[in-house]
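All values below come from the heavy atoms of this structure, side chains included, with hydrogens, waters and symmetry mates left out.
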Amino acid sequence: MSAPWYAPIVSPKLLSAQPAAPLCYYGAVLTGHLLEVQVAALETAERQLSEEQARRKQGMASHYDVLRATVEVSNFKALVLRAQNEKDRAHTDLFRLIGASPESEVELTDPLPLVKERVGFADALRTALARRADLAVAEYAVRMQREAVRNAVGDYFPSVELFAAQDWGNPDPHDSSRDDWGDEWSAGVQFTWTLFDGLGRRGALRQQRAELRKLELVLEDAEENVVSEIRQLVLSLETAEEFAESQSRNLETAKEALRLVEVGLREGENSQVEVMDARQALTTASANYYQSIFDHALVRLKLQRAMGTLSDGPLPDKPVLGEGDHQTTHDNFENNL
């Protein structure tokens, strides 16, 4: 087995040569956050198990309460193992992308970006029509075919050719008796007009016009697809931003709810089941929050690609699609979950 390849710091800026690097990188970051969520949930479950065991010794909890807390710890351990497996798989894909050993030990430095910006449909469409490479190729194909049609039409008109030549010779071209160098100029005009060619020109013109119409339809279809794609992605970006904001508020609510029921459990006002429900709600809210940030970044990436503004580097951490409201990036989630 080959020796481990160590890269202590990996950033999407180091992956600019790979077009798929941003998505792969941020996918690895997402799996890391989801693992943190499950680890935090496991820690709180283990803390509750310790409290239930202490309450059992004091006669304040039943054996069933201890067993229930033990089962919950086992369930969260399984979820941690699953999350760890997903993280290892995402890191393996990332290492394969950058050509590193699967045994590499790295630190992902850039967090998932949550960049809020206003993108108008008209501005996004105008940018896409001006910068999309596929539209440019289709448009140039139409232009070239129009020139082909003009050439076919030109075959109906006469052609005039002008020529001029200069000859040097010894003896002199004007006087062969002179043993000396001399030159001779000649010029002329050639006029050609094809009156009948067996309908060859007519067939060629029709063929070129038919090809032009086909390419124009291809261009129109491409433009319609761009309009539909831009409209859908602009709406999806707005929805993804709203969802990320709602999940952020939901996360704060779930954290506060778990804190309150844990206090209520110690004071005898809440039950163990209520604490478990609150912990599960917080775990779900935390996972949804990270997933919503990733989904927002993914839609933003797709919109940049659809507009023709996507570069090979990482997702920009500032507004680039339109007028931005404000910009935030999410650091490692280190609160007490």
Donor on one side chain, acceptor on other, Ser292 and Asp295, under 3.5 Å: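 Not at all, the side chains of Ser292 and Asp295 share no donor-acceptor pair under 3.5 Å.
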Taking [Y]'s backbone N and O only, do any of them form a donor-acceptor pair with [X]'s side chain (distance below 3.5 Å, no angle check)?
{"X": "Asn85", "Y": "Leu81", "value": "no"}
{"X": "Ser228", "Y": "Glu224", "value": "no"}
{"X": "Thr284", "Y": "Ala281", "value": "no"}
{"X": "Asn250", "Y": "Ser246", "value": "no"}

In one Ile/Leu/Val/Met/Phe/Trp/Tyr side-chain cluster, 4.5 Å: Phe76, Val37: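 No, Phe76 and Val37 fall in different hydrophobic clusters.
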Joint hydrophobic cluster, Leu94 plus Tyr290, side-chain heavy atoms closer than 4.5 Å: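 Same cluster: Leu94 reaches Tyr290 through Ile, Leu, Val, Met, Phe, Trp or Tyr contacts under 4.5 Å.
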Salt bridge or not for [X] and [Y], using N-O below 4.0 Å?
{"X": "Glu147", "Y": "Arg150", "value": "yes"}
{"X": "Glu52", "Y": "Arg56", "value": "no"}
{"X": "Arg126", "Y": "Asp123", "value": "yes"}

Heavy-atom check, side chain of Gln38 versus side chain of Arg82, under 4.5 Å: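 Counting from C-beta outward, Gln38 and Arg82 never come under 4.5 Å.
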Worked verdict on Glu43 versus Arg47 for salt bridge (Lys or Arg N to Asp or Glu O under 4.0 Å): CA-CA 6 Å; Glu43 292 174 352; Arg47 184 172 65 248; over 6 Å; no
Quick one: side chains of residues 202-217, donor-acceptor pairs under 3.5 Å with protein atoms, not counting sequence neighbours, listed by atom name and distance.
unit_1: Gln208; atom_1: OE1; unit_2: Gln145; atom_2: NE2; d: 2.5
unit_1: Glu211; atom_1: OE1; unit_2: Lys214; atom_2: NZ; d: 3.3

Phe121 CZ: over 12 foreign heavy atoms closer than 6.0 Å: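 Counting neighbours around CZ of Phe121, more than 12 heavy atoms of other residues, nucleotides or ligands fall under 6.0 Å, so yes.
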Heavy-atom pair of closest approach, residues Val226 and Leu135: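 Closest approach of Val226 to Leu135: CG2-CD1, 3.9 Å.
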